[in-house]
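Here the structure comes first, spelled out in structure tokens, and everything after it is commentary.
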Amino acid sequence: MYDLKKIEKKWQKKWEKAKIFEGNPNSSKKKKFITVPYPYASGPMHIGHGRSYVNGDIFARYYRAKGYNVLFPIAFHITGTPVLAISSAIKNRNKKMKDLMREYIYLHTSDSKKIEKILSSFQDPWNIVNYFSKSMLVDLKTLGMSMDWRRTFTTGDKIYNKFIEWQFDKLYDKGYIEKGSYPILYCPKCESAAGEDDIQSGDEKNLSINKYIGIKFQLNDYYLVASTLRPETLFGVTNIWINPEEIYVEVQVEGENWIISKHSVEILENQGKSVSINREFIGEDLLAKKVKNPINRRDLLILPASFVDTEIATGIVYSVPAHAPFDLIALRDLKKDIKTINRYNLDEEEIQNLQPLKIINLKDISRIPAEFYIEKYHISNQNETEKLEQATAENYRQEFYHGTLNSNCDTYSNTVVPKAVSIIVDKLDNENKITKIYYPVTPNLMCRCGAKIVISLLEDQWFINFNAGNWKNQARNCLNKLIIAPKKYRLNFENIFEWLNKRPCARKRGLGTSLPFDNDWIIESLSDSTIYMAFYTIVNTITENKIPPEKLTLKLFDFIFLNKGEIDEIAEITGITKDLIIKMKNEFFYWYPVDHRHTAIMHISNHLSFYIFHHVAIFSKHHWPKCITLIEPVIVEGNKMGKSKGNVISLAEIKQNYSIDLFRFFISQSADLGIKLDWREKQIKTVKKHLNNFINFVDTSLNKIPNFQKNIQKIRAWYPKVINSICAKKFKEAEKALRNFDLREYLQQSFYETFNILKELKKYSYNKSEFLEVIKMILPKWIKLLSPTIPHICEEIWHKMGYKGFISLEKWDFHKNININQNNEIEYEYIQNLIGDIKNIQKVLKTEEVEKINIYTAPNWKIKVNNLIMKHQGDFHKILDNIKKSETLIKKKETIPYLKSQIRSWNSKPIINLIDEKIVLKEAKKYLENRLKLSIAIDSDYDPKSRKKNATPMKPAIYIS
RNA sequence: GCGGGAAUUGCCAAGCUUGGUCAAAGGCGCUGGACUUAGAAUCCAGUCUUGUAGGAGUUCGAGGGUUCAAAUCCCUCUUCCCGCACCA
């Protein structure tokens with residue numbers, strides 16, 4: 001048995017030593033540039049990465065076999081905050097993080113002293129990056145990736161920063177980058193933005209931000225600022241709610257006097273407003289006062305409600321009882337609560353007169369919507385918060401998507417809700433009657449440092465605006481020509497393009513590249529990984545010639561990537577020799593565009609869309625991406641793989657527990673690209689068996705063939721000849737599947753089907769030397785065909801067969817001296833059907849006492865009739881006309897009934913060649929006897945149960961005696 | 001909510017693009033057999049119902065429709081999964 005781990009190491013070393021996967025431009029050869037996403041260097045790679053990478057590698061190897069010059073590079077992504085988060089957690093002696101990192105390091109180092117040393121070095125983020133990029137490189141090599149290792153870099157490298165600066169300079173020039181204000185979750189203690197990773201149980205919470213509109217209701221010299229998510233309901237306001245027991249303040253903001261809750265002062269301050277408090281007072285002081293609705297000047301009474309949360313937004317809300325279940329129920333509660341009315345000295349009559357004012361019409365609900373939903377959810381008082389929230393949500397959904405303002409809304413009547421929102425906000429904004437307040441959807445978010453998360457408003461946030469200029473149309477042009485496999489994801493891209501708007505493209509912290517036009521900002525990690533494939537084409541030249549980063553000027557990149565500018569000038573300014581500049585430019589122009597990008601569906605909505613947008617923004621049309629293939633995620637034993645579940649399987653474990661070729665084979669074979677791949681231990685064991693059987697089969701066959709490459713005998717016998725032809729057909733189909741990105745089908749054909757049929761040949765062939773002749777013929781091609789998937793095993797076999805050189809560099813030549821005989825296949829199928837029928841009969845007979853099988857072929861006249869049926873597509877009259885021409889046919893009284901029954905069962909089948917069954921049966925007789933372990937008589941006169949008459953063409957009659 | 005994907009015989013999962021050869025690949029499980037002292041492993045056979053002759057019947061989330069013919073095409077419904085922006 002082969003020691004697969006040993007074999008793998010051996011060939012990986014040989015490949016690396018011989019540098020056979022280094023891609024160098026060669027103008028006489030067609031090229032393929034194949035990429036996979038660079039991994040994020042903050043932890044080990046897992047089998048999900050493995051799926052993408054093996055996918056890419058199979059195609060890199062396939063195209064080499066097809067004679068292409070292939071470039072397949074890799075690099076490491078380190079941009080952003082995760083690496084910083086690790087190092088600061090290590091610095092703070094965070095036990096959980098330390099344990100996690102220990103676990104990661106242990107995958108490559110078992111010496112506990114070394115582990116601790118590496119761990120403590122992680123206090124410096126760059127050591128993390130260095131460590132993981134190195135260990136990932138090891139993993140990639142053990143995966144058997146046919147990559148060009150000279151072109152690795154990290155996104156933190158100075159030379160890479162220069163490249164990204166050039167990219168953003170280009171985007172800025174085109175006007176695709178702009179400034180605006182943007183609310184973010186922010187930790188005041190850490191003094192930085194807080195993402196999912198920074199927030200306690202951030203992965204389980206909704207971290208969106210609500211945008212409240214604060215509406216200024218005039219109250220004497222003050223504005224009472226009530227907050228709402230639904231400004232379109234302003235026409236239906238009946239009163240204002242405040243919480244009588246909470247603290248409110250009179251403040252000065254932006255030259256105006258506002259009344260808001262005390263809590264909200266801090267919220268406003270965090271969002272860039274300067275607030276000075278004039279006076280503090282308790283909520284009940286506001287009760288019974290009246291304010292004016294800015295939209296229709298109507299007077300509104302201020303009333304008490306316990307559900308008002310003064311921590312949210314301004315701590316004051318307006319009441320729209322017709323459209324808000326909370327408001328309606330609070331109003332009902334108050335009307336019944338004479339005690340409260342009296343306590344606060346409110347005018348009972350006025351309160352009893354308050355009625356819901358319906359302002360939005362719904363097609364399906366003619367009643368007051370809030371009433372409808374309160375009943376639907378069986379709500380009895382305002383403290384049933386959970387039910388009220390559900391009711392509110394459904395009420396809101398219905399009105400927002402299906403509602404129209406009615407005649408109570410002045411000029412806005414008949415406006416659909418989404419439109420009403422924007423025009424009402426615009427109108428009030430113009431009159432300076434509103435302010436915007438942001439508040440998290442989930443209150444009380446806590447930073448991992450323990451401080452409460454607030455919302456901060458970045459006034460000068462940089463955005464990429466995907467709607468700028470003609471950009472989106474250009475991107476659509478690219479998309480239309482892009483090959484996407486599987487096809488079903490194209491629609492996804494189209495919709496995302498539609499929806500893409502503005503996206504913040506820089507952050508205040510993290511590793512990466514500074515914005516060239518605003519150095520306080522770091523380019524965000526998804527924006528600095530969109531056109532980096534271009535950098536692969538020149539990075540080797542930069543590093544090999546030790547070109548320092550400062551020489552990598554904008555003009556240099558313009559020349560290399562866009563063929564712009566004067567080389568003499570650039571050479572002089574940068575001090576880089578003209579030769580090198582031209583080398584880089586030629587190399588880019590040779591390799592670009594990217595021919596394949598093999599990645600996962602999770603990237604469609606961000607990375608892959610940006611990949612297309614940034615390419616069309618910067619590069620000329622013939623450098624736009626050509627093809628994207630997508631995989632669904634890998635799951636483990638039916639469960640999603642995730643850190644929290646503790647079921648992440650790293651690639652390092654794979655190499656310990658399995659062989660790499662087994663991994664490559666399993667991951668490629670067990671699911672189509674567009675299907676989730678379930679990693680099941682049991683399945684892998686089964687597949688391992690298959691692979692071992694294959695190796696055994698090949699090896700024992702080889703051992704029986706002393707001179708493998710010595711001339712091949714002509715194969716004469718029917719059975720091996722047919723098998724040979726069928727294998728050839730399978731190879732052709734396998735390659736076709738591969739070309740169409742159906743990896744599973746490719747392996748189904750090339751591995752399983754071919755293997756099964758060869759195993760069968762070995763078992764039932766009646767002349768062993770002919771079997772070996774078939775092997776001689778088939779094996780070299782077969783091994784080549786499988787080598788992209790299981791390259792190590794195939795190299796080993798290739799050399800055992802006596803070939804020199806790497807199979808990884810062998811060209812596929814299946815079309816050479818391969819003869820697929822269509823009839824062979826039909827014959828084989830015919831015999832297989834016959835065997836199936838015989839077995840079926842044996843099964844029904846339930847008797848073991850069988851001596852002989854008699855087979856009777858159909859008489860000639862039936863063959864003639866069937867041929868006529870096919871020729872005339874079952875047209876009875878036409879066929880009859882032809883039958884009349886033949887005296888023997890028309891005279892035979894069975895002819896017409898037979899014709900009728902055959903037409904009935906014919907079912908528009910296509911024309912097939914009716915083979916000469918007598919000859920085939922004669923040739924296949926030994927094979928049949930071998931398989932059925934019974935003797936066979938063909939067309940014998942012995943027919944005691946007169947079965948003979950049942951024979952039809954391609955379906956001989958059978959009698960088992 | 002928006003957008004996308006999916007539902008197949010005990011389970012996982014092919015087939016659907018291009019309707020017919022589909023009772024529907026493959027694997028797991030289960031049943032029987034071979035080997036073995038025995039088990040694990042391995043190999044062989046079977047695995048919707050039914051039938052002493054290759055047949056018949058009922059199936060592919062539910063309900064309609066198109067067609068000579070539907071797992072496959074069209075419509076409606078139900079259920080499940082995934083993505084949704086500063087996060088890599």
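For the numbers below, each heavy atom of this structure counts, side chains included, while hydrogens, waters and symmetry mates do not. By convention in this document, chain letters (A, B, ...) are assigned in the order of the sequence lines, proteins followed by strands, and residues within each chain are numbered from 1.
Taking atom CZ of A/F751 as the reference point, atom P of B/A14 lies 20 Å away to the nearest angstrom. For A/N833 and B/G54, the CG to C1' distance is 11 Å, given to the nearest whole Å. The CG atom of A/L500 sits 15 Å away from the P atom of B/G3 (whole-angstrom rounding). As a whole-Å value, the separation of A/I635 CD1 from B/G5 P is 19 Å. Look at CD1 on A/I675: it is 12 Å from P on B/G5, rounded to the nearest Å. In this structure, the CG atom of A/L229 is 19 Å from the P atom of B/G1, given to the nearest Å. For A/N606 and B/C87, the CG to P distance is 13 Å, given to the nearest whole Å. Distance A/K949 NZ to B/G54 P: 12 Å, rounded to the nearest Å.
Comparing the same atom, C1', in B/C28 and in B/U47 gives a spacing of 13 Å after rounding to whole Å. Separation of the C1' atoms belonging to B/A7 and B/G57 is 26 Å when rounded to the nearest angstrom. Across the P atoms, B/C77 and B/A71 are found 23 Å apart, a figure rounded to whole Å. Rounded to whole Å, the separation between the C1' atoms of B/U76 and B/U66 comes to 15 Å. Rounded to whole Å, the C1' atom of B/A6 lies 11 Å from the corresponding atom of B/G61. Using atom C1' as the reference point in both B/A70 and B/U58, the two lie 16 Å apart (nearest Å). For the P atom pair drawn from B/C82 and B/U67, the interatomic distance equals 41 Å after rounding to whole Å. Nucleotides B/C16 and B/U8 place their C1' atoms 11 Å apart, quoted to the nearest Å.
Ring planes of A/Y532 and A/H607: tilted class, angle from 30 to 60°. Relative orientation of the A/W471 and A/H614 rings is tilted, given thresholds of 30° and 60° on the angle between their planes. Ring-plane geometry between A/F466 and A/F613 is classed as perpendicular, the angle between the planes exceeding 60 degrees on a 0 to 90 degree scale with a lower cut at 30.
On a pure distance criterion of 3.5 Å, no polar donor-acceptor pair joins the side chain of A/R931 and the base of B/A45. Counting distance only, with no hydrogens placed and no angle test, the side-chain atoms of A/D837 and the base atoms of B/G54 include a donor-acceptor pair under 3.5 Å.
The nucleotide B/G54 finds no pairing partner, because no Watson-Crick or G-U wobble arrangement with both distances shorter than 3.5 Å includes it. The pairing partner recorded for B/U17 is none, the criterion being a Watson-Crick or G-U wobble arrangement whose two distances lie under 3.5 angstrom. In this entry B/G3 has B/C82 as its Watson-Crick or G-U wobble partner, both defining distances falling under 3.5 Å. With a 3.5 Å ceiling on both atom-pair distances, the Watson-Crick or G-U wobble partner of B/C73 is B/G65. In this structure, B/A45 forms a base pair with B/U31, meeting either the Watson-Crick or the G-U wobble geometry with both donor-acceptor distances under 3.5 Å.
Separating the NZ atom in A/K685 from the CG atom in A/L662 is a distance of 11.5 Å, to the nearest 0.5 Å.
Relative to the side chain of A/R503, the nucleotides B/G27, B/A85, B/G54 differ in distance, and B/A85 lies closest. Here B/G3 is the nucleotide among B/G54, B/G3, B/C28 with the atom lying nearest to any side-chain atom of A/N495. Taking every side-chain heavy atom of A/S605 into account, B/G83 is the closest of B/C87, B/G54, B/G83. Proximity note for A/K640 (side chain, C-beta onward) versus B/A85, B/C82, B/U42: the nearest is B/C82. Listed candidates were B/A14, B/G55, B/G5. Nearest to the side chain of A/D672 is B/A14. Among the nucleotides B/A85, B/G4, B/C81, the one closest to the side chain of A/K676 is B/C81. When distances are taken from the side chain of A/R947 to each of B/C87, B/C84, B/A53, the shortest belongs to B/A53. Distances were taken from every side-chain heavy atom of A/N693 (C-beta onward) to each of B/C43, B/G51, B/C28; the shortest belongs to B/C43.
In this structure, A/K488 reaches the sugar-phosphate backbone alone: every heavy-atom distance under 4.0 Å involves primed, P, OP1 or OP2 atoms, never a base. In this structure, A/Y752 reaches neither bases nor backbone, as no heavy-atom distance under 4.0 Å exists between it and the strands shown. Backbone-only engagement by A/K689 is indicated by non-hydrogen atom pairs under 4.0 Å involving sugar-phosphate atoms exclusively. If you check every strand for non-hydrogen atoms under 4.0 Å, A/I838 touches nothing. Among the protein residues, A/P956 comes within range of the nucleic acid bases, having at least one heavy atom under 4.0 Å from a base atom. Counting non-hydrogen atoms under 4.0 angstrom, A/T79 reaches the backbone sugars and phosphates but no base. At the heavy-atom level, A/A671 lies nowhere under 4.0 Å from the strands shown. Residue contacts for A/I958: at a heavy-atom cut-off of 4.0 Å it reaches a base atom on one of the strands shown.
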>> As a quick check of understanding, evaluate salt bridge (Lys or Arg N to Asp or Glu O under 4.0 Å) for A/E745 and A/K736, giving each step before the final call.
In response: CA-CA 9 Å; A/E745 176 68 12; A/K736 190 179 159 204; over 6 Å; no

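Toward the 5′ end of RNA chain B lies the nearest nucleotide of A/E829, the other residue of the pair A/E829 and A/N840 mapping further downstream. Of the two residues near RNA chain B, A/R680 and A/R744, the one whose nearest nucleotide lies more 5' is A/R680.
A/D528 and A/T513 share no donor-acceptor pair across their side chains, judged by distance under 3.5 Å alone. For the residue pair A/N467 and A/K502, no side-chain donor N or O sits within less than 3.5 Å of a side-chain acceptor on the partner.
In this model, the phosphate group of B/C11 is not approached by any side-chain N or O of A/K682 to a distance below 4.0 Å at OP1 or OP2.
Within the 4.5 Å cutoff, side-chain heavy atoms of A/W462 are placed close to those of A/L515.
The heavy-atom pair separating A/I604 from A/S609 by the smallest distance is O-OG, 2.7 Å.
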